[in-house]
Number of protein chains: 2
Amino acid sequence: MSSIAAPNYRPLYDQIKILITQSLVAGEWKPGDVIPSEMELANRFQVSQGTVRKAIDALAAENILIRRQGKGTFVASHSQERSSTRFLRVFPDTGTHDSPSSHLLSLTRERADDESASRLDVRVGAGIFCIKRLLFFGGVPVIHDEIHIPSILFKGLDEGMIRNFTGSLYSFFESRFGVAMIRAEEHIKAVAASSEVAHHLGLSPGSPLLRVDRVAFTYGDKPVEWRRGLCHTNTFSYVTEMS
Amino acid sequence: MSSIAAPNYRPLYDQIKILITQSLVAGEWKPGDVIPSEMELANRFQVSQGTVRKAIDALAAENILIRRQGKGTFVASHSQERSSTRFLRVFPDTGTHDSPSSHLLSLTRERADDESASRLDVRVGAGIFCIKRLLFFGGVPVIHDEIHIPSILFKGLDEGMIRNFTGSLYSFFESRFGVAMIRAEEHIKAVAASSEVAHHLGLSPGSPLLRVDRVAFTYGDKPVEWRRGLCHTNTFSYVTEMS
DNA sequence: GAGTGGTCTAGACCACCCC
DNA sequence: GGGTGGTCTAGACCACTCT
């Protein structure tokens, strides 16, 4: 019935989903913002409320939007308490999950090597930042992270900014640089600790560590972070679920 | 109405979902079967087609049912080619995923110790089977599995049945014993290989291995399998995604 | 053509939140 | 009270599969 879009094989709600995503990419609504109500969006896109609803349902299922009855639909943010550890799958074997604290080891500028370039989908030699840090749980160092991000997206990043920020790294990226992480893929191996990392984690060199390689994506499935985490799993485990 | 201040309200589609799940538990429809059409179910439960649809949508999102346009809605089965490796998250770093082949090491009857009993939600001392096997990828042993299942659900299990079955273990459990695995939780650590496991996997003792502890559940979130996999990750990785 | 799931719409009403 | 999302319904039509 309606209207303008001509010979499109995609369901309407899928097109609406894409339009909403484009508004997110364009920054029309930022993490934490309310987006317009279903009725407003239905009017804007000239479809029924039910169709908008289905598009939003799909985005909510991907944790890109968050619905709150009576209040509205919000853009997911890593700054919200509820999702500050959304991507952290390491849990203590006993007791509850204290929020980890971060200790910055170094921030350096580098040129992308083959691996970084391929993971981040940039040219070899492109400028990247490399962040090294330790994550402490209850005062104990558990994870050694080495984080690579393209410098073009994080202009002006320096050590002080990182140290002065309270909150998760993704919350930092989001609020200071407008880069929102919405999805990640992880490849996990077991490796022996190098003497350097063993020293940081208070272990003997050669101890078994979990090596978690992550590529994180922002809106539109664009890779914007590659990190390698080395995790000490004597009293912690990497937890996941499947169905 | 509601007795407590907490939201006691259950949407209709949620009740329908529960009714459908109960039919699955009761075995009214078995893995691979078509379930009645949306219209038939709507008539049976005296609700609209849309409400049945929403219940089925939820079950399809959990991979419990599978919708096929023009054909009907089917109970998910591990015997289908599409889902025979649904729970296998280990992939080669290069090349494609050959289906693994399994080599049975032993099948023994045991009594549940504290750990098995707690994971499987049975009494300490209850009868359980313990299956040990190796998984080979392209002729190379990669995973050593130690699988515990309550013997009451698998009466008559013997080595010959396992050896003669072609297909995945979960397909075997499903078709021979009517036990369908629908969900699993995994806890992962890095450990050093024991001499026994190192021997099976062709490694030196002390080599780092991924230790994957899994509890698998059937309909109604009932735990029915506990396994410990030890995985050699030199050329393979455990892959997972998050959002 | 008949039957299935898939899309889209429109309207009524409910539950929740805030003014 | 008036806004938001959440549920439920009913009906029309589309896309796919099988006979």
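Letters A, B, ... are given to chains in the order of the sequence lines, protein chains preceding strands, and every chain is numbered from 1.
For Gln46(B), there are no side chain to side chain donor-acceptor pair (under 3.5 Å) partners at least two apart in sequence or on another chain. A search for side chain to side chain donor-acceptor pair (under 3.5 Å) contacts involving Ser118(B) returns nothing, not counting sequence neighbours. By the ring pair (Phe, Tyr, Trp, His ring centres under 6.0 Å) test, Phe137(A) is found to be paired with His97(A), Phe236(A), residues two or more places apart in sequence or in another chain being considered. Ser37(A) is linked by a side-chain contact (heavy atoms from CB on, under 4.5 Å) to Met39(A), Glu40(A), counting only residues two or more places apart in sequence or in another chain. Residues passing the side chain to side chain donor-acceptor pair (under 3.5 Å) test with Ser175(B), sequence neighbours excluded: none.
Atom-to-atom, CG of Asp57(A) to C1' of dC8(C) comes out at 15 Å; the value is rounded to the nearest Å. Protein atom CD1 of Ile56(A) is 14 Å distant from nucleotide atom P of dT7(D), rounded to whole Å. A straight line from CG of Asp14(A) to P of dC14(D) spans 19 Å, rounded to a whole angstrom. In this structure, CD1 of Ile66(A) is placed 17 Å from C1' of dG6(D), rounded to the nearest angstrom. Rounded to whole angstrom, the span from the NZ atom of Lys54(B) across to the P atom of dG5(C) amounts to 19 Å. A straight line from CG of Leu65(B) to C1' of dT4(C) spans 15 Å, rounded to a whole angstrom. Spacing between atom CZ of Phe74(B) and atom P of dT4(C) amounts to 12 Å, rounded to whole angstrom units. Going from atom CD1 of Ile16(A) over to atom P of dC8(C) covers 9 Å, rounded to whole Å.
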Salt bridge (charged side-chain N to carboxylate O under 4.0 Å, His left out) for Arg183(B) and Asp221(B)? Distances and angles first, verdict last.
CA-CA 8 Å; Arg183(B) 193 177 74 77; Asp221(B) 266 331; 3.0 Å; yes
With ring pair (Phe, Tyr, Trp, His ring centres under 6.0 Å) as the test, would you mind laying out the steps for Phe87(A) and His78(A) before giving the verdict?
CA-CA 10 Å; Phe87(A) 285 19; His78(A) 288 278; 5.5 Å; yes
Pair Tyr238(B), Phe91(B) - check ring pair (Phe, Tyr, Trp, His ring centres under 6.0 Å), show working.
CA-CA 6 Å; Tyr238(B) 184 100; Phe91(B) 295 89; 9.0 Å; no
Show your working on salt bridge (charged side-chain N to carboxylate O under 4.0 Å, His left out) between Glu62(B) and Lys17(B) and close with a plain yes or no.
CA-CA 12 Å; Glu62(B) 296 173 38; Lys17(B) 185 186 165 193; 2.7 Å; yes
The test is ring pair (Phe, Tyr, Trp, His ring centres under 6.0 Å); show your working for Phe172(B) and Phe165(B) and say whether it passes.
CA-CA 7 Å; Phe172(B) 173 70; Phe165(B) 189 85; 5.2 Å; yes
Which is it for Asp93(B) and Lys189(A) under the salt bridge (charged side-chain N to carboxylate O under 4.0 Å, His left out) test, yes or no, and what are the steps along the way?
CA-CA 11 Å; Asp93(B) 291 332; Lys189(A) 287 178 183 288; 2.5 Å; yes
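The stretch residues 160-180 of chain A participates, sequence neighbours left out, in these salt bridge (Lys or Arg N to Asp or Glu O under 4.0 Å) pairs: Glu159(A)-Arg163(A). The side chain to side chain donor-acceptor pair (under 3.5 Å) contacts involving residues 66-76 of chain A comprise Glu38(A)-Arg67(A), Asp57(A)-Arg67(A), Arg68(A)-Gln80(A), where partners must be two or more places apart or lie in separate chains.
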List the atom pairs, donor and acceptor, that lie under 3.5 Å between side-chain atoms in residues 27-36 of chain A and the rest of the protein, sequence neighbours left out.
| unit_1 | atom_1 | unit_2 | atom_2 | d |
| --- | --- | --- | --- | --- |
| Glu28(A) | OE1 | Ser23(A) | OG | 3.0 |
| Glu28(A) | OE2 | Arg44(A) | NH2 | 2.9 |
| Lys30(A) | NZ | Gly27(A) | O | 3.3 |
| Asp33(A) | OD2 | Lys30(A) | N | 2.8 |

Between protein and nucleic acid, restricted to nucleotides 9-11 of chain D and to nitrogen or oxygen atoms under 3.5 Å apart, what atom pairs and distances do you find?
| unit_1 | atom_1 | unit_2 | atom_2 | d |
| --- | --- | --- | --- | --- |
| dT9(D) | OP2 | Ser48(B) | N | 3.0 |
| dT9(D) | OP2 | Ser48(B) | OG | 2.9 |
| dT9(D) | OP2 | Thr51(B) | OG1 | 2.3 |

Between the protein and nucleotides 15-19 of chain D, list every N/O to N/O distance that falls short of 3.5 Å.
| unit_1 | atom_1 | unit_2 | atom_2 | d |
| --- | --- | --- | --- | --- |
| dA15(D) | N3 | Gln69(B) | OE1 | 2.8 |

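A heavy atom closer than 4.0 Å to some atom of DNA chain D occurs in no member of residues 19-41 of chain B.
For dT7(D), one of the phosphate oxygens OP1 or OP2 lies less than 4.0 angstrom from a side-chain nitrogen or oxygen of Tyr13(B). Note on Arg67(A): a side-chain N or O is less than 4.0 Å away from OP1 or OP2 of dG6(D). At dT4(D), none of the side-chain N or O atoms of Arg68(A) fall inside 4.0 Å of OP1 or OP2 (strictly under the cut-off).
Scanning atom types as modelled, one donor and one acceptor separated by under 3.5 angstrom connect the side chain of Arg53(B) and the base of dG6(C).
Fit an axis to the five pairs at each end of the helix from dG1(C)-dC18(D) to dC18(C)-dG1(D) and the two axes sit 10° apart, to the nearest 10 degrees.
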